[in-house]
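First comes the structure, then the notes that go with it.
Keep in mind that the numbers below use all heavy atoms, side chains included, and drop hydrogens, waters and symmetry copies. All values derive from a computational prediction rather than experimental measurement.
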Amino acid sequence: MPAGGGPLGGDWVSGERVFGPPAGTFDADWLVPVVREAVPDASHERAREAVARVWAVLREEAAHRGCAPAEVPEDVVGSRLGSSDQPADRVDEAALTAVRAAVRAYGAR
């Protein structure tokens, strides 16, 4: 990824997203614009729900595995987002990308 590039192609160091939540915290609302940038037809509510659900899965799996949320394997989270007959959709996938990047960048637990 080029210097300054966000996980979905945006620039996270200038422009509209000039700061994030304090280190060690997680703010779902801060990531909604990132998800909507990747999936422009996603509603604010759907994007926020996807971000919150991804964060919940990461925290549950981290607690179950005894690791930090950033260390939970992506395929584990992805498999929990879909159902037995429906895989995770584009909004869920964008939320997973955004949440994992934020968790790594800010050390959210």
Side-chain angles (χ1 to χ4, degrees):
M1 176 172 11
L8 301 174
D11 183 350
W12 284 38
V13 295
S14 65
E16 166 178 328
R17 289 184 216 99
V18 295
F19 60 89
T25 64
F26 183 82
D27 182 353
D29 290 318
W30 186 72
L31 294 175
V32 169
V34 177
V35 174
R36 293 187 71 200
E37 180 180 328
V39 187
D41 59 333
S43 69
H44 177 87
E45 295 78 19
R46 173 66 179 100
R48 189 179 195 297
E49 179 274 328
V51 168
R53 195 160 54 112
V54 167
W55 177 235
V57 169
L58 274 175
R59 291 191 69 194
E60 289 169 12
E61 285 295 329
H64 175 73
R65 296 165 182 271
C67 66
E71 297 169 3
V72 175
E74 189 166 330
D75 62 327
V76 170
V77 179
S79 69
R80 290 216 22 216
L81 294 177
S83 63
S84 58
D85 60 338
Q86 186 81 354
D89 66 13
R90 288 179 48 224
V91 178
D92 289 335
E93 291 171 0
L96 177 56
T97 300
V99 170
R100 289 185 71 80
V103 165
R104 288 185 183 120
Y106 294 102
R109 294 195 159 269

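- With sequence neighbours excluded, the residues satisfying side-chain contact (heavy atoms from CB on, under 4.5 Å) with D75 are P73.
- Considering only residues two or more places apart in sequence or on other chains, R48 meets the salt bridge (charged side-chain N to carboxylate O under 4.0 Å, His left out) condition with D29.
- Partners of E61 according to the side-chain contact (heavy atoms from CB on, under 4.5 Å) rule, which considers only residues two or more places apart in sequence or in another chain, are V57, H64, R65, V72, V76, R80.
- For A47, the side-chain contact (heavy atoms from CB on, under 4.5 Å) criterion is met by V32, V35, R36, not counting sequence neighbours.
- Scanning both residues, A68 and A62, for their nearest heavy atoms gives C-CB, 3.9 Å.
- Of the residues listed (V39, V51, D41, L81), the one engaging V91 in a side chain to side chain contact (heavy atoms under 4.5 Å, CB included) is V39, and it is the only one.
- With sequence neighbours excluded, the residues that form a side-chain contact (heavy atoms from CB on, under 4.5 Å) with E74 are L96, R100.
- Side-chain contact between D92 and R46: present, with at least one pair of heavy atoms (C-beta onward) separated by less than 4.5 Å.
- Side-chain contact between L31 and W55 is absent, with no heavy-atom pair separated by less than 4.5 Å.
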